[in-house]
Amino acid sequence: MTGSHPTRSRLTAALRPAAFGADPSGERMERIRRSPNFANGVFVNPVGARTAPSGSMLKFASTYFRKEERVRRAPAGTVPVHPTTVADLAAPPASGLRLTWMGHSSVFAEIDGRRVLFDPVWGQRCSPFSMVGPKRLHPVPVPLRELGPVDVVVISHDHYDHLDMPTIRALVRSHAMFVVPLGVGAHLERWGVPAERTTELDWHESTEVAGLTLTATPARHFCGRGLRNTQHTLWASWVVAGSGRRIYHSGDTGYFSGFAEIGAAYGPFDATMIQIGAYSDYWPDIHMTPEEGMRAHLDLQGGDPARGIMLPIHWGTFNLAPHPWEEPAEGTVRAAKEAGATVTVPRPGQPFEPERGLPLEPWWRAIAARPVTEVPAAAEGAAEPAVPAGPSGAGASGATGKRPGATGGADPAMPIPQS
């Protein structure tokens with residue numbers, strides 16, 4: 001009689017939990033090997049990129065765990081999630097394009113009568129484990145069941161803050177199609193997504209879903225979920241084109257010259273969703289600063305700041321880097337003013353139609369651990385911070401800038417530059 005040994009099976013399950021996903025194999029792996037972006041056994045970036053932290057990790061750790069720095073990496077009060085209702089999302093956008101930032105890189109895009117969900121993460125932690133890992137700093141704005149029908153789910157890459165197993169399993173019931181980079185389908189298959197509902201694309205490959213054309217475009221990042229990061233799943237940015245509108249989602253990426261090429265080939269765009277958070281000098285090649293994000297937006301628009309709008313993403317929801325919590329938003333509005341570009345930073349869950357008015361309130365200032373006292377030029381005329389700075393730059397409630405009754409706080413887990 002043959003069969004797997006029970007103890008060995010339990011050990012394998014413990015070392016390889018379902019959240020790790022699955023490694024590509026068979027015909028899927030053969031297709032990966034044929035990719036022009038796969039060399040020497042791994043996927044490679046369009047330009048060189050360091051994917052491991054650079055510099056002294058001892059210095060990084062001492063900075064990251066310093067109390068005053070920890071406080072600044074989280075909001076000092078409750079994030080004002082927009083009270084979006086089922087009715088808000090049930091009525092189609094009058095202009096043909098509506099975007100709802102759900103936090104971090106999750107965006108619900110309604111474009112030309114179709115509904116696209118980018119990088120949906122509804123879990124409480126971006127981690128394979130329920131008790132450890134970066135935890136949400138604000139609630140999910142809208143329960144998945146209240147989103148209504150979803151035509152297509154788009155995944156940029158397989159890191160935990162972009163590909164969340166519980167969310168994917170819930171979305172299987174939605175009957176949505178899934179469009180993902182090469183290799184990522186192995187994870188979805190393990191989690192119960194039928195193979196016929198998944199399309200895997202290499203860079204510059206396209207597919208059509210419900211009248212939309214979805215194209216995988218290059219990004220400068222990396223991949224991996226398990227103990228061994230084999231680099232056998234691709235990372236991508238995405239272009240989604242309808243009959244009259246065109247949008248771009250950056251996923252995670254460092255700045256590179258390819259943005260201009262993407263813009264020339266597929267743009268210009270009515271809206272770009274650009275990663276501007278979780279950056280650090282310790283991993284400069286795989287995440288963009290706000291200034292680099294604005295530069296990418298301009299490249300995508302052919303250098304014309306009057307074209308389209310930019311929606312900053314990948315900030316505000318999880319503590320993944322040593323910069324202050326509010327810094328990505330402040331840096332982005334400042335960069336937009338300097339460039340003469342249009343940017344909007346909505347509250348999580350706040351739907352808006354770019355053609356019918358943009359959310360412009362600097363809501364993050366009132367809950368920053370160190371209140372912002374200067375109004376960046378891009379937000380002139382907007383509301384001032386609710387709590388003035390004290391003599392040392394701290395909030396009126398004390399040296400830490402913590403407000404009475406404030407909630408939140410930095411998660412003690414060390415960030416990994418794979419987010």
Side-chain angles (χ1 to χ4, degrees), residues 75 77-124 136-155 164 166-179 209-212 214 240-247 249 270-273 308-313 315-317 329 342-364 366-367 382-383 407:
T78 301
V79 174
V81 173
H82 185 78
T84 306
T85 66
V86 177
D88 291 333
L89 299 177
S95 67
L97 177 63
R98 181 166 61 204
L99 301 175
T100 307
W101 178 57
M102 296 296 180
H104 201 57
S105 294
S106 302
V107 181
F108 185 49
E110 298 165 90
I111 174 172
D112 293 339
R114 300 303 181 184
R115 307 174 122 216
V116 183
L117 192 53
F118 290 98
D119 284 358
V121 175
W122 259 246
Q124 289 304 303
R136 279 188 169 274
L137 299 174
H138 65 79
V140 173
V142 182
L144 272 177
R145 64 181 178 276
E146 295 183 8
L147 280 184
V150 175
D151 292 293
V152 57
V153 176
V154 178
I155 303 297
D164 179 55
T167 304
I168 296 299
R169 283 180 165 172
L171 285 166
V172 172
R173 297 190 293 272
S174 74
H175 304 293
M177 300 297 291
F178 293 79
V179 180
V209 177
L212 299 176
L214 299 98
V240 177
S243 57
R245 303 290 186 278
R246 191 175 292 263
I247 57 178
H249 188 284
D270 296 278
T272 66
M273 296 158 271
I309 64 106
M310 173 180 163
L311 170 63
I313 60 173
W315 82 282
T317 303
T342 302
V343 66
T344 184
V345 189
R347 300 174 187 228
Q350 184 174 8
F352 70 94
E353 297 183 43
E355 294 180 17
R356 296 170 65 87
L358 300 174
L360 296 174
E361 177 196 3
W363 55 270
W364 58 89
I367 55 172
T407 61

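Keep in mind it's a predicted model, so treat the numbers as computed, not measured. Heavy-atom basis, side chains included; hydrogens, waters and symmetry copies ignored. Along the sequence shown, residues are numbered consecutively beginning with 1.
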S.K.: Do Leu147 and Thr100 come close enough that some side-chain heavy atom pair is under 4.5 Å?
M.R.: no

S.K.: Of all the heavy-atom pairs spanning Leu137 and Pro75, show the shortest one and how long it is.
M.R.: CD1-CD, 3.8 Å

S.K.: With a 4.5 Å limit on heavy-atom distance, are the side chains of Pro348 and Thr317 in contact?
M.R.: no

S.K.: Do you know the tightest heavy-atom contact between Pro120 and Thr167?
M.R.: O-CG2, 3.5 Å

S.K.: What residues, two or more places apart in sequence or in another chain, satisfy salt bridge (charged side-chain N to carboxylate O under 4.0 Å, His left out) together with Arg136?
M.R.: none

S.K.: Once rounded to the nearest 0.5 Å, what's the spacing between atom OG1 of Thr78 and atom NE2 of His138?
M.R.: 12.0 Å

S.K.: With a 4.5 Å cut-off on side-chain heavy atoms, are Phe118 and Ile313 touching?
M.R.: no

S.K.: Below 30° counts as parallel, above 60° as perpendicular, anything between as tilted: where do the rings of Trp315 and Trp364 land?
M.R.: perpendicular

S.K.: First locate atom CG of Leu117, then atom CG of Leu144, and finally report the distance between them rounded to the nearest 0.5 Å.
M.R.: 7.0 Å

S.K.: If every non-hydrogen atom of Phe352 is compared with every non-hydrogen atom of Pro346, which pair is closest and at what distance?
M.R.: CE2-CG, 3.9 Å

S.K.: Measure across Asp119 and His249 and return the closest heavy-atom pair with its distance rounded to 0.1 Å.
M.R.: OD2-CE1, 3.7 Å

S.K.: Quick check for you: to the nearest 0.5 Å, what is the distance between Glu361 atom CD and Arg347 atom CZ?
M.R.: 4.0 Å

S.K.: Applying side-chain contact (heavy atoms from CB on, under 4.5 Å), can you list everything that pairs with Ser106, at least two apart in sequence or on another chain?
M.R.: Met102, Val121, Trp122

S.K.: Do side-chain atoms of Asp151 reach the backbone of Arg115 as a donor and acceptor pair under 3.5 angstrom?
M.R.: yes

S.K.: Please give me the minimum heavy-atom distance between Ile247 and Ile111, naming the atom from each residue.
M.R.: CG1-CD1, 4.1 Å

S.K.: Measure across Ala176 and Val153 and return the closest heavy-atom pair with its distance rounded to 0.1 Å.
M.R.: CB-CG2, 4.0 Å

S.K.: For Ser95, run the side-chain hydrogen bond (donor to acceptor under 3.5 Å, both in side chains) check against Glu355, Glu110, Glu353 and tell me which one passes.
M.R.: Glu353

S.K.: Drop me the distance from Ile309's CD1 to Thr272's OG1, to the nearest 0.5 angstrom.
M.R.: 7.0 Å

S.K.: Donor-acceptor pair, distance only, cut-off 3.5 Å: does the side chain of Arg245 make one with the backbone of Leu97?
M.R.: no

S.K.: Any donor-acceptor pair under 3.5 Å linking the side chain of Trp363 with the backbone of Val345?
M.R.: yes

